Amino acid sequence: MTFENAQNLWHQTCAEQDEAPVLSSDVTVDLVVIGGGYTGCSAALHAAQMGASVCLLEAEEIGHGGSGRNVGLANAGLWLPPAEIRKHMGDGPGDRLVSLLADAPRLVFDLIARHGIACEAVQNGTLHCAHSPAGFKDLQVRHTQLQSSGAPVDLLDAEETAARTGSDAFYGGLFDPRAGTIQPLSYARGLARAAVQARAQVYQNSPALRIQHDGDVWHVETAGGTVRAKALIHATNAYHRDLASSAPEYVPVHYFQCATDPLPEALRATILPGGEGCWDTGLIMTSFRMDEAGRLVIGAMGDLGHAASDIHRAWVRRKLIELYPELREVPLGQGWHGRIAMTSDHIPKITAIGPSAYAVHGYSGRGIGPGTVFGKGMAEALITGDDMRLPIPAIDAHHERMTSARQIFFETGATLTHLFKARF
């Protein structure tokens, strides 16, 4: 298996073309967006639809970072249950964020339909699966909180969860019908295409080399030209480059995935027959889902780029067989990983980095729905001048402690878990 992103499954099956050029001249616009993932592409699209002139700069290819390495679960909300979000943010801001992100899958799938994005979209819900009795108790708490917030979620027993997943490894599950699965790289590139069709200028392989503010204008220098803009959004998240004006602080956490070959029809009929995407309640989480061609894509926390990464590769084979013994002889032909920007409270941060300028980071593994919502909200706030359009209040700065030590802790924990445990 390879972990090079350029060879991962999503690149091989991406139906949206990658046609953005390199910036080769100076440009003057209303809004410059740095970062071609979900947040940046959503911001560019929504700002252009409001009539603003927009330029988006991506250092690599559109979707190069976490957006093109994502699991592809378009979920509602964050990892935290609603009460925890309110505890960290306060009732007013917390209620607003819970409401906005509850509606995030609708926004994602509406954009897909409206712009004809070819991204294998299946809105058949997701399953949060209990890996242990304690995990099921956690799902009971989440179910109560989500229902009290108006979410149409169902708590499933072990028998119903086995019927939905095709696996008897779980003690129950929490079904969310609002959510679904997508081909994550295709979605990012489809948003970029839609932005171009709305008259945004989108450039890739055009890294920002220097950012400065002069009077009322932002200047973003690249090797091929300078973009001048009244407003700026910095949306590079865990793939931030060394631009001190908006360097985010977060704990880098790696997540890897592998994919089987397309399964025979007989197996496809029994494994996730309803097409839900899944993840479990383990501290070192496992995710699994089907793609359109019938490949089972399974992943977990871990970095495939270090000397002990064979431990993760060996574990994923064991975990696959634990979940689905009938796949014992099915090869795993793909392997890739990406970085997640995790904050200590698992809530994203918007920082005001200067006049008419925002940076955002810290989706903590929930990039699709929140990234789309946050990009839209920041674009609307900057174009209208109304900061009440932001999904959360902007702050002057966000600081994280012991980020390197915590990164080592998470990777060591994942490696040791995968070394010693086949069942969490």
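Owing to the predicted nature of the structure, the values given are computational and were not obtained by experimental measurement. Along the sequence shown, residues are numbered consecutively beginning with 1.
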Between the main-chain N or O of [Y] and the side-chain N or O of [X], is there a donor-acceptor pair closer than 3.5 Å?
| X | Y | value |
| --- | --- | --- |
| N124 | G274 | yes |
| H88 | G90 | no |
| E400 | S344 | yes |
| S149 | A151 | no |
| Q183 | G72 | no |
| D30 | S53 | yes |
| E120 | E292 | yes |
| N237 | G362 | yes |
| Y38 | P184 | yes |
| T260 | L296 | yes |

Locate the shortest heavy-atom distance separating [X] from [Y]; write the atom from each residue and the value.
| X | Y | answer |
| --- | --- | --- |
| G68 | N8 | O-ND2, 3.5 Å |
| P21 | S206 | O-OG, 4.4 Å |
| L9 | A259 | CD2-CB, 3.8 Å |
| V27 | C55 | CG1-CB, 4.4 Å |
| H213 | P355 | CE1-CG, 3.7 Å |
| I298 | L323 | CD1-CD1, 4.1 Å |

Practice prompt. Start with the C-alpha distance between I383 and R389, add both sets of side-chain angles, then the distance that settles side chain to side chain contact (heavy atoms under 4.5 Å, CB included), and finish with yes or no.
Written response: CA-CA 10 Å; I383 300 307; R389 300 284 192 103; over 6 Å; no

Fill in: Intermediate values then yes/no, side chain to side chain contact (heavy atoms under 4.5 Å, CB included), H234 and H240
CA-CA 9 Å; H234 204 150; H240 182 84; 3.6 Å; yes

Got a sec: does the [atom1] of [X] have more than 12 other heavy atoms crowding it under 6.0 Å?
| X | atom1 | value |
| --- | --- | --- |
| K230 | NZ | no |
| D386 | CG | yes |
| R106 | CZ | yes |

Is it the case that the side chains of [Y] and [X] hold a donor-acceptor pair, with the cut-off being a distance below 3.5 Å and no angle test?
| X | Y | value |
| --- | --- | --- |
| T126 | N75 | yes |
| H399 | E249 | yes |
| E221 | H219 | no |

Fill in: Where at least one partner belongs to residues 92-102, residue pairs that pass side-chain hydrogen bond (donor to acceptor under 3.5 Å, both in side chains), sequence neighbours excluded
R86-D95

Discussion item. Let's go through H398 and H361 carefully: what are the C-alpha distance in whole Å and the side-chain angles of both, what is the deciding distance for ring pair (Phe, Tyr, Trp, His ring centres under 6.0 Å) to 0.1 Å, and is it a yes or a no?
Written reply: CA-CA 10 Å; H398 173 71; H361 77 281; 5.7 Å; yes

Say you draw a straight line from [atom1] of [X] to [atom2] of [Y]; how long is it, rounded to the nearest 0.5 Å?
| X | Y | atom1 | atom2 | answer |
| --- | --- | --- | --- | --- |
| I368 | R366 | CD1 | CZ | 10.0 Å |
| T161 | F170 | OG1 | CZ | 8.5 Å |
| T236 | H64 | OG1 | NE2 | 11.5 Å |
| K87 | D345 | NZ | CG | 11.0 Å |
| T144 | L139 | OG1 | CG | 11.0 Å |
| I392 | L97 | CD1 | CG | 6.5 Å |

Discussion item. Using the rule given for side chain to side chain contact (heavy atoms under 4.5 Å, CB included), can you reason through F136 versus T281, listing the C-alpha separation, both sets of side-chain angles and the distance that settles it, and then say yes or no?
Written reply: CA-CA 8 Å; F136 187 68; T281 55; over 6 Å; no

Student check: side-chain heavy atoms of [X] and [Y] closer than 4.5 Å:
| X | Y | answer |
| --- | --- | --- |
| P81 | V141 | no |
| V153 | D176 | yes |
| E19 | V196 | no |
| L56 | I62 | yes |
| E84 | L78 | no |
| L111 | R114 | yes |
| R313 | L332 | no |
| T181 | L73 | yes |

Discussion item. Pair H306, H312 - check ring pair (Phe, Tyr, Trp, His ring centres under 6.0 Å), show working.
Written reply: CA-CA 10 Å; H306 60 72; H312 297 316; 5.7 Å; yes

Worksheet item: Distance under 6.0 Å and angle within 45° of the ring axis: does R189 meet both against W10?
Response: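 No cation-pi geometry.
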
Item to complete: Assess R69 against Y255: is NZ or CZ under 6.0 Å from the centre of the six-membered ring, and within 45 degrees of the ring's axis?
Response: no

Item to complete: Measure the acute angle between the ring planes of Y324 and F288, then classify it against the limits of 30° and 60° as parallel, tilted or perpendicular.
Response: perpendicular

Practice prompt. Check the angle between the aromatic planes of H418 and F256 and answer parallel, tilted or perpendicular using the 30° and 60° thresholds.
Written response: perpendicular

Discussion item. Between Q140 and H143, is the side chain to side chain contact (heavy atoms under 4.5 Å, CB included) condition met? List the steps.
Written reply: CA-CA 5 Å; Q140 290 175 310; H143 176 253; 5.6 Å; no

Worksheet entry | Worked check of side-chain hydrogen bond (donor to acceptor under 3.5 Å, both in side chains) between T222 and Y203 | CA-CA 11 Å; T222 76; Y203 299 98; over 6 Å; no

Discussion item. Using the rule ring pair (Phe, Tyr, Trp, His ring centres under 6.0 Å), only one of F175, W79, W279 pairs with H128; which is it?
Written reply: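 The residue from F175, W79, W279 that satisfies ring pair (Phe, Tyr, Trp, His ring centres under 6.0 Å) with H128 turns out to be W279.
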
